[in-house]
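Remarks on the structure that follows.
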Amino acid sequence: MAAPVPGVLAAFDHIDGALDAIHELKASGHTDLTVYSAAPNHEIEAAIGHPVSRVRLFTLIGGLTGCTAGYAMTTWMSYDWPLLVGGKPIASIPPYVVIMFELTILIGALSTVAGMIILSIRRSVRGKPFHPRFSDDQVGIFAPCAAHQADAVSRVFTTHGAVEVTREG
Amino acid sequence: MTAITQPGPPLTQTHAEVTRDVVATLGTPSRGYYLALFGAVGMFLVGLGTFVMLLKDGLGLAGYVHPVMWLVYITTFVFWVGIGHAGTLISAILYLFRSPWRTAVYRSTEAMTVFAVMTAGLFPIIHIGRQWIFYWLLPYPNQRMLWPNFKSPLIWDVFAIGTYLTVSTTFLVVGLVPDIAAVRDKVSGWRKKVYAMCSLGWTGSDNQWRHYTRGYLYLAALATPLVLSVHSVVSWDFAMSIVPGWHGTIFAPYFVAGAIYSGIGMVLTLLVPLRKVLKLEHMITEYHFDNLAKLTLLTGSILFYAYLMEYFVGWYSANTFEQTTFFRRAFGPQWWAGWSMIICNAFVSQLLWFRKIRTNLTALFVISIFINVGMWFERYVIIASSLSNDYIPYAWAQANPTWADWGILVGSFGWFLMYFLLFARTFPIVAIQEIKEMIPMPRRKRGGAH
Amino acid sequence: MRKLAVLGTLATMGFAVGVVVTSRPSNAQESGRPAPDSIAAPMLSASDTASLKGPRQPIFFRHDIHAGQFKIDCQYCHYSVSTATEPGIPTVQTCMGCHLVVAGSDSGGRAEIRKLRTFYNERDSTDAPRLEWVRVHTLARHAHFPHMLHVAAIGPTACGTCHGDVARMPQVWKVNDVNNMGFCINCHVERNVPRDCSTCHY
Amino acid sequence: MAEVDRGLDRRKFLKVLGVTGVGSAALGGCSTDKVEKLIPYLVQDPNQVPGKATIYASTCTECSAGCGLHVTTREARAIKLEGNPDHPVNRGALCARGQAALQGLYNPDRIAGPMARNEAGDWVKVTWDDAIGRLVRALLAAPGRLAVLSGAGAGTFSDLFRDWTEAQGGQFVRWEPFDHEAMRAANRRIFGLDELPAHDFARARHIVSFGAEFLETWLAPVENQRGFAEARGRVGEGQEGERGMAKAVYIGPRRSLTGLNADEWHATTPGSEALLALAMANVVLSERSGAPPDANALRGVLSEYTPQRAAEAAGLETETVLRLAREFASAQPSLAVAGGISAQHRGAVDVCAAVNLLNYVAGNVGETVLFGARLQAGDGYGALRTLQQSMTASQVGVLIVHEANPVYAVPAESGFAAAMAQVPFKVSTSAYLDETSAACDLLLPNHHALERWDDAKPRAGIHALLQPVMEPVFGTKPTGDVLLETARLVGGALGGFSAVNFEAHLKDAWASVAQAAGASDTVEFWRESLRRGGRFATPEPTVVGLAAGVRLQLTEPALDGDGEFTLLPYPSPMLFDGRGANRPWLRENPDPVSKITWHSWVEVHPDTAARLDVRDGEHLRLTSPHGALEVPVYVYAGVRRDVIALPLGLGHTEFGAYATGEGVNPLDLLSADDGSGFLPYLSTRVEVERTRGFTKLATTQGNPRQLGRGIVETMPLPLAERGLTVAQSYEEQGHAEHEINPELEREAIVGWAEVQQEKQRFGGYADPHPKWGMAVDLSRCTGCSACVTACYAENNIPWVGADEVRRGREMSWMRIERYWEDGAHDGGASHAESAEARFIPVMCQHCDNAPCEPVCPVYASYHTPDGLNGQVYNRCVGTRYCGNNCPYKVRYYNWFAFAKRAFPEPMSLQLNPEVTVRARGVMEKCTFCIQRIRSAQHTARLEGREVQDGDVVTACAQACPSGAIVFGNVRDPESRVAAARQHPRGYHLLEDLNVRPSVTYLAKVIHSVEA
C-alpha cells in the first residue's frame, strides 16, 4: 500500500451538506478534494468544477486509427497477394468500408476504455482513505491537509452535517 | 410522453435499499435456480455431444441437401446475433436518449447481449466444414503469405461479430465496475477478495466518475452504430448474394428491426421469470414491461411492413425467380415455416396495441415465446426456402433438419442460459449505480441547492 | 521392350566400368590428394548412421560418395526428373547396373552392396525381402510439383535449391521443409514466377 | 459368401505400384509426421516413367460392339479408359458402361484366386495347380460329356475355346443375353443372310426406330450416337449441311432415351409394329419410284397391309401413318431400325422382317443399312436352351461357364439353375461370385480384360487387340492359359494345343494374320497393330437382294397371363443386362430418362397412376403367371397407359457388396419360352396392386420443368437454318421480346465492366493468358451421360450411395439435366405424354463475374489468370457460401469423407494422381479438367511452344460420343471454341445475371412440332 495521505475524511448522508462543505473548503483553499459517491452526481461534479474529461481525445484518436488501419490493412493485404474474385478490382473500396467502420468502432472503444483507465490512474486514490459506505449511500469527502489544518477542516465538515469525521495520517 | 418521463423505480427507495436488494440477489440461490442451471448445462452437453459427432463424421449428419447448404446453424447464428441487439439498443441507444426506464433492465439485457453474441460466435465455427481451421478467417501473418478476402461478407461478419462482442463486453464490464465495487463493500470473506479484484480499485471518487461518465458516454455512442451495423452486416451475408429471396435492398433495416424485435422478445422471456426468482418486482415493474412492449410493437410493425414489401417487391419486380421464390415461400412444400414466421411476428405483435396485454406479464411472456419462435422461423424461412428453389429448377431440393441440427440448437440455448444464469447469480443483474443516479440523495433542507 | 532393357543394362554396365576406372584417382584422396572438383567423402560405416543427420535407411547409401566423390549426375539415377513430374526412385536394377561390377572399396561398403544384391537376386522369390527407403522429402498431395519444369527453369543447380547439397551428405536429411508453402512461395516471389493458386493446387 | 477371401495380396500391389506410393490418399492436411516408405521397383517396366501417363490401346469387352480403348496408366495402374480415336466403331468416344470397366477391374468383390468346394460344400482357396488338376480330373472322368457356355466375343480366344471344347467332343455354346436373334432371323428370312448389318446413321436424313434403343443398348450405341448426332447436328455448319438435319421418329410402347431424342413418339400398341412398318413399306413402294427392281415383286404381298389396317392396330390416325411413310420416303437416304430388346415380343422377327422390307423398298439397304459388316453375335438363346436340355438330361458331365451369367440373365422359370444341379462338375471362370458361379464347384477366375492378352473381331474388317495394361490386381489367371495348361495335362485329343501360354498362341495366330495381310515383318506388324489397337478396315458392303420367296405370315404376338398391364422390361442404359450392377459409377449415374440412381423402379403412366392411386415412390406389387415383384413407382408419361415398364439389370442374388440384394430382376416375371429362338422380353401381362411400401426415389432431379427460364433454349429448324440468334428467333416467333437487358442498361453494365477490368490487371493478371472456354451443342447432346462417368473417372469424384442421393448430395460435377417441356409451369413430376425432353449438361460455368468468388472468405474460390474459376481445396474451410451463391448450383460439398468410402482398396488404385482427392468439409466442382490444362502447358513449355487448340481436351469432351462438347482457348481466334462462341445459336445460361459464363450453349434445334 502506498503511504497514507494525511488529511480529514468525512461521510455525509445528505447531498446538500456535502456540497456546502465542498464549496466552503474550496473557498478556503482546499482544492485537492477527493469526493466519493455511489453514483455519478452532477451537483458534486459542478461543485468540484473539474474540466471536461479528456477521454474523448482517446476516443477520437482511437477511432481515426481504426479507420485508417481498416483502409490500410484491407488495401495492402489485397495487393500483397493479388487475387481476382468475381470480376471486381483487386482492391475494391466499397466492401472495405465495412472493415474500416468496424475497426473504427473497435479501436475507438478499446482506446476509450484505455483512456478511462489511464486518466483515472493518473490521479490516483492510493493512500487516500475510503469507507465501504461510500459505495452504498453516503457521500465521502477527503480533504488532504497538514495536521495543523485538520481542526479547521473537521469543523467545516461537522458544520455541514457530516455523520462521521476522521483524521488520517 | 408522461409515461416515459415518469421515473422507473418507486421514489421511496433509498440508495441503501437499492444496494441491499441487489446484493441480496447474489445470495444463496434457491433450488429452482440450481434446477435451471442443471437444465442449462444438460442442454449444453447435448449440443457439445452433437458437435463432437459433427467433428467426427462431418456436417452430413445435419439436414443439409444440395443446394440448401446453409440451414439450422446459420439460422440459429442469425437468431442469436439478433437477440443481442435489444441489449445494446437498451443499454446504449436509450442511454443516449436518456430514457429513464432503461435503467432497471439494461444490465440484464446487456448481459443477454454478450452471451447471445458469444453463442452466435460459436456458430460460424460449428457450421464450417473444417472447424479446425476456422482461424484462417482472421488476417494473421502466416508462412503461406495469404490473407483473407475482405470482399467476402463472411469476413465482414468476422469483423462485425468480433467488434460487437468486444465492444458489448467492454460496455458491460465498464458498467459493472462501480456495481462490483458496491458489492465488494457489502460482502465478506473470499467473495470480498474476488469482487475487490474485479472492481479494479473502484472507489467512486470524483475523478473516477469524471472520466467514467464521459468514457461511458462515448462507449454508448460507439455502440449505437454497432446496433445498426452488426445486423446490417449479417443481413448482407444474404443481401450481397444473388439468391432470389436474399438479395433485397430492404434487408439491412429489415434485419435490424427483426433483431431488435427478437431481442426484446428474449428480454421479456428472461425478465418475466427472473424478476420473480430474484425478487426484483419493485425495481422491474409493469412500467418497464409496458415500454418494452411498445418497443416490440414498433419493431414488430416495421417487420410486418418489411414482410409486405418483400412480397410486394417480389411481385412487382416481374422477375420470375423472385416471384417463384416468394410464391413457394408461402405455398411451397415448407409453407408451414413461412406462415409460422408471419403469424408469430407480424400478427402476434399487433396484439400489443392493447395496454391490457402490454401490462399483463403472462400475456407478454406467451407473446415473447411466439416472438422467439417466429424470429427463428423467419431466418429459417429466409435461408432454407430461398435456397431450396433458386435459379436452376433441376437442382431444387428441400432440406429437412435432423437430430444434429436440433442438438446444436438445444445446445446453444443451454450454453446461453448457462452463462446467463451464472451471471445473474454472480454479478448485479440490476445496475446499482444507475438506479441510484435516478434516486435523489436525501437533503437536509427542502428545496436543494440547484 | 526387352531389347530396351538389355540395352539399358549394357549402358549401365559400361558406365559402371567407367566409374570404377575414373574412381581410381579418388582413392588417392584418402592419401590427402583430393581430385579436382571431387569432394572427399569421409570414411563411414553403417554403424555410424545413428550419429548422422537424417533418417536411417535400410541400405547405407552414400550420396556423398556417388554424387560427391564420383560425381555421378543426379539424373543418372533419378532419370525422370527432367521429363516428368516425379523424379523417380532408382530401381534396384539401376543400382545393379554398376554394382554387378563394383563391390565396394571397404568392408562397410561391401556389406551394404551385399544387401543390395540380396534384394536383387531374390526378386522373384515369393517372400522376397522388400527394400523400403524412408522418405525424407514429402509434399502434401494437394500440391503439385512438376519436377521437370523446375529443373528446366533453374538449371544445373535445381536439385540443391530444395534438397540441399546432397553431394556432401553421407545420409540424406531434410535441409528445407519443402512441404511448407512459404518455402515455395518465397522462391516464386524472388524469381517473379507465377504464384497463382492453381499453378500448384488442383 | 463369407468364405470367399476377398483380401488381396498387398505384396502384389506394391510390386505393381512401385514408387510414389498410391498417389491418392485423401487430403489430410500437411502433416508429414508419419514415416512414409518409398519402395523402389526392383525391375522397372521400361514403358513406365514415374509421373507420366502411359497409354495402351485395347478393346472394350463390356458389350458386343467392341469399341477401341485407350487405357491411360500411371505408375503401372490403369486410371482411365478413353476411346481409341483410330477405331472405326467408336472413333475416340466411349460410353459410360465402357468407361466403368475400370470398376470391374478394381472391384473389391473380384474373386482373388481359384477356389473349390470342400466336402461340406464351403468355398476354400486352392492353388492354381490344384484347381487345374481338379478340372483335368473332371474332364478325364467325363470324356465327351463336356459343355462350355461362353460369353466371350469373337476372336482368337473364342476360337481356341471352341476348338478345345470340340476336340474333347464337347458342346460349345456362345451366348449373351441381348443377342439380336430376331434381327438375324429376319435377315435370314428377307435377305437370306444370317448376319447383323452395320447402320450408317450419319448419312440418314430420316430415322425411324421401331423400338430399337439405338442410343443406349442396341448394337453399337457409341457408333449409333455419333451417327445420330452427325445426322442431326449439321444445322448452320456451312451451307451444305444446313438443310441436313434428319428427323427422327420413335415408335414403341415406351419412350426410351432414343425416343426422347426423337422428334416424334408414337406409342403404338405392342405387337403392331410389323403392321405399321409394312403399311409404310406399302405406301413407300406405291408412291415412290426408285425401289430396287426386285422390290416390285413385293407389291402384291404388301398391298394387303393398308395404312388403315396398320393405324387401327397401332392406335394411330391413318393420316399419321401416311405422313410417316411419306416423310420416310421423301428424305433420302432414310433409315428404319428395329430389334430393340424392349420391343422383343413373340413377333419380333416379323417386326424386323417388316422393317427390312421397309428399308429395302425405300432403297436404304446398301446406303444406310450395310450388310457385310457381320457384327458379332452368339449362337442365340435357342442354343442355350438346347444346352440346358442336355444338362437336364444328365448328358453333361462337366460344365464350364465363361463370362456368362445365365442363372441371372435367363428367367428363373427356365429352370437353368436346376439343370445346372444335374451337372456333376461345374466350373466358372467368372471374376465375381455371381449367381452362376455361386452354383459351380470350381472357380477359376479369369484375368480382367485389361490384364490379359486377347483379340476381338466385333465385325468384319476389325481385328482388334487386347493387351495387359498392368500387372493383375488379384491372383487370377487368364482362361486361355488355363485351357492350354489343361490341354497339356489332359493330352490325347488336346495334344494339338501346344502353345506355352495364350500370349504365345495369340502371337502365333497373329503371325498368320500378318502373313495374310502380306506383312513382311511379323514382329513389326504385331507391334504396329498393338500400338494402333488392331487392324481396321472398312469392308465393302455386300450387295443384297430379296431372298427367294419372301413371304409374310404375321402372327399376333401372344402375351402370357391375363393381367391388366403389359410388362415391358427394358435394358438399363447404365447396367445393360445386369453386368454393370456392381459398378458404383453406373449405379450412381442417373438413368437418362428417369434420373433415378441405384435402385429399381416401375414406370407407370400418370393416368394409370392416378387410377391406381399411386405416386412416385409408392410400391406396386406386380404379379405375372411366373412370379411377383414389389417395386417403387416412377410416374412417367413416356409409357402407354396399358403398359408398365421395368429396367433390367438389378435384382442380383449374388454378385458382390454393391449389387447383391439391390432392386428387382424383372426376368422373375417372365416366361422362359423359347419357341422362337430368342427370349421374348415383352411377353407378359401383369396384375398390379398397390402395397403399403414406400421408397423415396433416389433421383437427382429437383423440379422437372424449366418454368420458362430458358435453360435449354430451342429454335425451330427453319429459323436456325436462317442463322438467327436465339433472341431473334423469339422475336420471329412473335413471343414477347426476349430482352435480356435494355440497351441502356447493357451499356452501363459493359462500361462499368471495363472500368472494373482495368482495375483487375495487376500482378499475375496483367500478363497475357489464354482464357479457357467450353461450348456445348445441345442439338448434338442426347443425354446419354457418358460424360458424367468420364468426369467421375478423371476427377476422382466419389459416389455417395442411394441414401445420400436422396438428400441431393451426389457429387456429380457434371450433371445432365432433363426437363419436360409440356407447357406446364410447375406442379408435380408427372407430365403430359406430348412432353418433349430437353437435355442439358450443366457443369461449372467458370463465370468471369463469378458470384461464388467474392463471397469466399479465404480466397479458396477465386479467378485464375487464365479465366478459370479456381477452387483451392486445401484452402477451403467449408463455409459453403459459394455453393449458395452459385446460380447454376454446380458446387458440390463433401458432407462426409465420401472419398474414403467410395475408394476402398483396390478401387483406390484407379484414382487419378493428377487430381487431389477431396477431404470432407471442402467444396468441389468442375475444374475444366485443370490437370489436363496444366499438363498440356507443362508439355508445351518443355517443348518451347504455345499450347495449341486441341492440346487440351476435357474428360467430358473426350468421352462424348456425339461430339457435343468443345473445349479450348477462346482468345485464340482459330480455336473451335472461339468459333462456337460466335455461333448464332450460342447463348449463356441465365445470361441476364451478367455473370458472364465461359460455357456457351448452342440452342437445340427442333423440327417444328406442328406436323
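Each chain gets a letter, A, B and so on, in the order the sequences are listed, and its residues count up from 1.
- For A:Ser92, the parts sitting under 4.5 Å from any heavy atom of chain B are the backbone and the side chain alike.
- For a residue to count as touching a neighbouring chain, one of its non-hydrogen atoms must lie under 4.5 Å from one of that chain's; by this rule A:Leu110 touches chain B with the side chain only.
- Proximity to chain B is absent for every atom of A:Ile22, based on heavy atoms less than 4.5 angstrom apart.
- Annotation: the span from B:Gln208 atom CD to A:Ser53 atom OG amounts to 12.5 Å, rounded to 0.5 Å.
- With a 4.5 angstrom heavy-atom cutoff, A:Pro89 touches chain B only via backbone atoms.
- For a residue to count as touching a neighbouring chain, one of its non-hydrogen atoms must lie under 4.5 Å from one of that chain's; by this rule A:Val98 touches chain B with the side chain only.
- Interface residues of residues 58-68 of chain A toward chain B, defined by a heavy-atom distance below 4.5 Å and sorted by number: A:Thr59.
- Heavy-atom distances place both the backbone and the side chain of A:Asp136 under 4.5 Å from chain B.
- The line from OG of A:Ser78 to CZ of B:Phe150 is 7.0 Å long, rounded to the nearest 0.5 Å.
- The two atoms that bring A:Ser135 and B:Ala181 nearest to each other are OG-O, 3.8 Å, heavy atoms only.
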* Asked: Given the rule in the side chain to side chain contact (heavy atoms under 4.5 Å, CB included) test, do A:Glu45 and B:Trp209 qualify, once you have shown the distances and angles that lead to the verdict?
  -> CA-CA 9 Å; A:Glu45 244 181 88; B:Trp209 279 125; 5.7 Å; no

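- Between B:Leu222 and A:Gly108, the shortest heavy-atom distance links the atoms CD1-C, 3.4 Å.
- Only the side chain of A:Ile48 has a heavy atom closer than 4.5 Å to any heavy atom of chain B.
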* To do: Any chance you could lay out the side chain to side chain contact (heavy atoms under 4.5 Å, CB included) test for B:Leu219 and A:Val113, step after step, and finish with the verdict?
  => CA-CA 8 Å; B:Leu219 277 183; A:Val113 176; 4.0 Å; yes

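- Counting only distance, with no hydrogens or angles, the side chain of B:Lys151 and the backbone of A:Pro94 share no donor-acceptor pair below 3.5 Å.
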* Could you go through the side chain to side chain contact (heavy atoms under 4.5 Å, CB included) check for B:Trp156 and A:Glu102 one step at a time? => CA-CA 8 Å; B:Trp156 305 350; A:Glu102 296 295 345; over 6 Å; no

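- The CH2 atom of B:Trp147 sits 9.0 Å away from atom CE of A:Met73, with the distance rounded to the nearest 0.5 Å.
- For the side chain to side chain donor-acceptor pair (under 3.5 Å) test, residues two or more places apart in sequence or in another chain that qualify with B:Arg144 are B:Tyr140.
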